[in-house]
There are 2 protein chains.
Amino acid sequence: MRAPAKLKDVAARAGVSPAAVSRFLNGSISLPAATIERIEAAIAFFDYRPNAHARRLSLGRSDTIALVVPEIGNPFFAELAAAAERAAAAEGLGIMLFATENRLERELEYLSRLGRSDVDALLFVTNHADEDGRLAAAIGHAAQVVLLDEDVPGTGVSKVFADNVEGGRLAARALIEAGHRRLFLAGGPPALMSARERAEGFRAAAREAGLPEDSVEALAGDYTVAQGRRAAEAMLASPVGPTAVFAASDQTMLGLLEVFRARGIAVPDEVSIVTFDDVVPLAFFDPAISAIRQSIGEMGRIGVQRVIAGMKGGAAAEVIRLPIEFVPRASVAAPRDSTQAKKPTRRRP
Amino acid sequence: MRAPAKLKDVAARAGVSPAAVSRFLNGSISLPAATIERIEAAIAFFDYRPNAHARRLSLGRSDTIALVVPEIGNPFFAELAAAAERAAAAEGLGIMLFATENRLERELEYLSRLGRSDVDALLFVTNHADEDGRLAAAIGHAAQVVLLDEDVPGTGVSKVFADNVEGGRLAARALIEAGHRRLFLAGGPPALMSARERAEGFRAAAREAGLPEDSVEALAGDYTVAQGRRAAEAMLASPVGPTAVFAASDQTMLGLLEVFRARGIAVPDEVSIVTFDDVVPLAFFDPAISAIRQSIGEMGRIGVQRVIAGMKGGAAAEVIRLPIEFVPRASVAAPRDSTQAKKPTRRRP
DNA sequence: ACGGGTTAGTATACCGCTTTACTAAGATGA
DNA sequence: TCATCTTAGTAAAGCGGTATACTAACCCGT
């Protein structure tokens, strides 16, 4: 286990200068075949691999980007990480992974790694409101930060979001088309853009379908299982008796399901469900749960793309909206109590 | 947006030498309060942050470790990544994440990053057999590689595995105690240590319970949903009619469930299920699925620990077995066809 | 008044690669 | 035969820190 060979050693053995070897390796020189052969032989002889630290110091970049998310274990972020890693690897970039637990100090700390040129760029996901603007200030207008999934208002960087409004709208429409007229929205934190937009789309669709303003009852929450439980209770206690519910996230839906089951409420016979995200294996649930799916993979891919564009310089900040899709499964059916429901349309006789 | 300040600038403004500032920042010097104040003022003035590349080149390390897994989106590896990241962050280390898609070339490539001192150490998970020994050769005896979850035979590095034998045993015991006598094992790839060990434990428990050798029927597979489907078909087609099945992974279990549902086979009334891993939200399934749980978090944590020990030098390679646990839920019940089953023990009258 | 110890630092040689600008030798052309 | 061009490289200055070894000034005790 000798010390690893360095450029100098290779050069010496090939009978050329270190500069020649370096330039050869980086393709910035053209050499006669004989010399190339000698260099390659020397490289093979030493099993030479350029030292990454030296290279990075000299180049002033690391070919590494950071992905900063609230928690890695959450399947949503895991999938995001998977997509980002794939896209980055394809471009020869490495991904450093950081979890913030959604805490501001940790977010700021990871943001500061940019300043230390620890990483070249940052793919950043936060999930809480930036109350005092510190986060926005830290993000500033760095061309090397791209915001994913959730906004940090007041920042001029590139952003990639799902089309949340459309997501909310699709959910409401699916429910309304099945015949529901009293809807429940187990929504996200109103401080977050994503939650506001989804609620907005949901209500808009209700309005567009001619439902009265009070046809959608809502309870805001925090995207957790616990929120789902609370929402289920609230919904069941509601005097107007909603017959369908839109869950802000898969976690929320899990909470709903738990309470419905405990109370013996049948899905979709007694209540219909549409969830948001589609990152949990919903197809295997009983019943399989219908979902609004955002393309997380796309978000990761495009995020990496934007980040690269930013690194290459130039590219103006841009806000990108990703299309969203309704995945019909078995958790939506006509309301049982159909007194005020339109007759469900059956496609096949 | 001026060029970031460097050590030299800070030193000049504080009226000391760069060495003094460096040593001050690294705590390797003691200085009078007045000097410290000047240095700190200068640092604040410039918002100075040491350049990570320079530091790493000088120090010869990056305080970064790589986590190499087959796929990040898989909840098992996602949870592993989450735990490893947490443990690493607590020690001031960063995590670089790499997905190999279980392909040898990519594994070798990431392994080679160690040689480039791109990262200080590697947390490595593979999921395929090392047929020609190339993987083992690449891993060699580097004190900076720790193998997680699955073995690569012929390597002398530290390893952290679940107690698979005990896992298999617990699964069989749960089924047998419920009264089952004809068991089906939807196992993993026989080329993998984990699969062999689980099968071994499973059969051992059957033997220990006095069941005949042919009481467990098995079909090997590859831990996928597709495997689960195949296993279900095989099981249903079996002339001996197993009444319970042990799935090699949550994915496998998903495949089983799909087929059982399509065929109208009730769980646990007609067939009992125990799965392995417990990374999918099994508690929310209907019925909730009983599982053998390995402590993935612990695996990540301990892996990081071992890697750090290895970096500090000294620490001999070690193979660690992590305890495993049976999580009883609703998918195991007495066999309906109880002709040859013992009477199920009911705890509460 | 002098040797010795402490305090408060400094000088300098790396770490290993990249890159810009330059040159020596041979080939080409007039 | 001399000027010019091409070929095949090279020398050396960074990149921005860290660490080792050293020194200058001051204080103390005798």
Side-chain angles (χ1 to χ4, degrees), chain A residues 2-40 42-43 46-64 92 112-120, chain B residues 2-40 42-43 46-64 92 112-120:
Chain A
R2 265 203 326 302
K6 41 186 87 165
L7 196 56
K8 205 168 54 175
D9 304 321
V10 173
R13 182 160 232 270
V16 293
S17 72
V21 180
S22 172
R23 298 186 56 194
F24 166 69
L25 286 173
N26 295 300
S28 70
I29 195 176
S30 75
L31 293 173
T35 309
I36 292 182
E37 250 166 56
R38 282 189 346 262
I39 294 181
E40 279 177 340
I43 288 176
F46 288 118
D47 186 24
Y48 169 74
R49 264 109 91 199
N51 178 299
H53 301 323
R55 180 155 215 283
R56 301 214 252 245
L57 173 58
S58 191
L59 255 23
R61 63 182 153 82
S62 48
D63 293 321
T64 299
S112 90
R113 288 182 180 242
L114 249 187
R116 280 181 285 163
S117 66
D118 204 339
V119 294
D120 296 345
Chain B
R2 266 201 328 300
K6 38 187 91 164
L7 197 57
K8 205 168 54 173
D9 304 321
V10 172
R13 182 161 234 270
V16 293
S17 73
V21 180
S22 173
R23 298 188 54 192
F24 165 68
L25 286 172
N26 295 299
S28 71
I29 196 177
S30 74
L31 293 174
T35 309
I36 291 182
E37 252 166 54
R38 274 176 8 249
I39 294 181
E40 279 176 341
I43 288 176
F46 289 116
D47 185 23
Y48 170 74
R49 264 109 91 197
N51 178 299
H53 301 324
R55 180 158 215 281
R56 302 213 252 244
L57 173 58
S58 190
L59 255 23
R61 61 181 155 86
S62 49
D63 293 322
T64 299
S112 91
R113 288 182 181 244
L114 250 188
R116 280 181 284 162
S117 67
D118 204 342
V119 295
D120 296 344

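Quick caveat: nothing in here was measured; it's all calculated off a predicted structure. Below, chains carry the letters A, B, ... as their sequence lines are ordered, and counting in each starts from 1.
- The CG atom of B/L57 lies 11.0 Å from the CZ atom of A/R56; values are rounded to the nearest 0.5 Å.
- The nearest whole Å value for the distance from the CZ atom in B/R55 to the C1' atom in D/dG16 is 12 Å.
- A heavy-atom distance below 4.5 Å is found between the side chains of B/S62 and A/H53.
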One pair to check against side chain to side chain contact (heavy atoms under 4.5 Å, CB included): A/T64 and B/T64. What are the steps and the verdict? CA-CA 12 Å; A/T64 299; B/T64 299; over 6 Å; no
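- Counting non-hydrogen atoms under 4.0 angstrom, B/L59 reaches the backbone sugars and phosphates but no base.
- At whole-Å resolution of the value, NE2 in B/H53 and P in D/dT18 are 14 Å apart.
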Between A/N51 and A/K6, does a side chain to side chain contact (heavy atoms under 4.5 Å, CB included) hold up when you go through it step by step? CA-CA 8 Å; A/N51 178 299; A/K6 41 186 87 165; over 6 Å; no
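- One can place CG of B/N26 at 5 Å from P of D/dT18, the figure rounded to the nearest angstrom.
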Begin with the C-alpha distance, continue with both residues' side-chain angles, and end with the deciding distance and a verdict on side chain to side chain contact (heavy atoms under 4.5 Å, CB included) for B/I39 and B/L31. CA-CA 10 Å; B/I39 294 181; B/L31 293 174; 3.9 Å; yes
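- Judged by distance alone, with hydrogens and angles left aside, the side-chain atoms of B/R23 form a donor-acceptor pair with the main-chain N or O of B/S28 at under 3.5 Å.
- Residues B/F24 and B/V10 form no side-chain contact, since every pair of their non-hydrogen atoms from C-beta on lies 4.5 Å or further apart.
- Side-chain nitrogen and oxygen atoms of B/Y48 include none within less than 4.0 Å of the OP1 or OP2 phosphate oxygen of D/dG16.
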Check against side chain to side chain contact (heavy atoms under 4.5 Å, CB included), B/N26 and B/R55: CA-CA 11 Å; B/N26 295 299; B/R55 180 158 215 281; 2.9 Å; yes
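- First and last contacts of DNA chain C with chain B, using any nucleotide atom under 4.0 Å from a protein heavy atom and ordered 5' to 3', fall at C/dA8 to C/dG16.
- Between the CZ atom of B/R56 and the C1' atom of D/dA19 there is a distance of 19 Å, given to the nearest Å.
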For nucleotides 4-13 of chain D, read 5' to 3', which letter fits each nucleotide if B means a protein heavy atom sits under 4.0 Å from the base, S means only the sugar-phosphate is that close, and - means neither? ----SBBB--
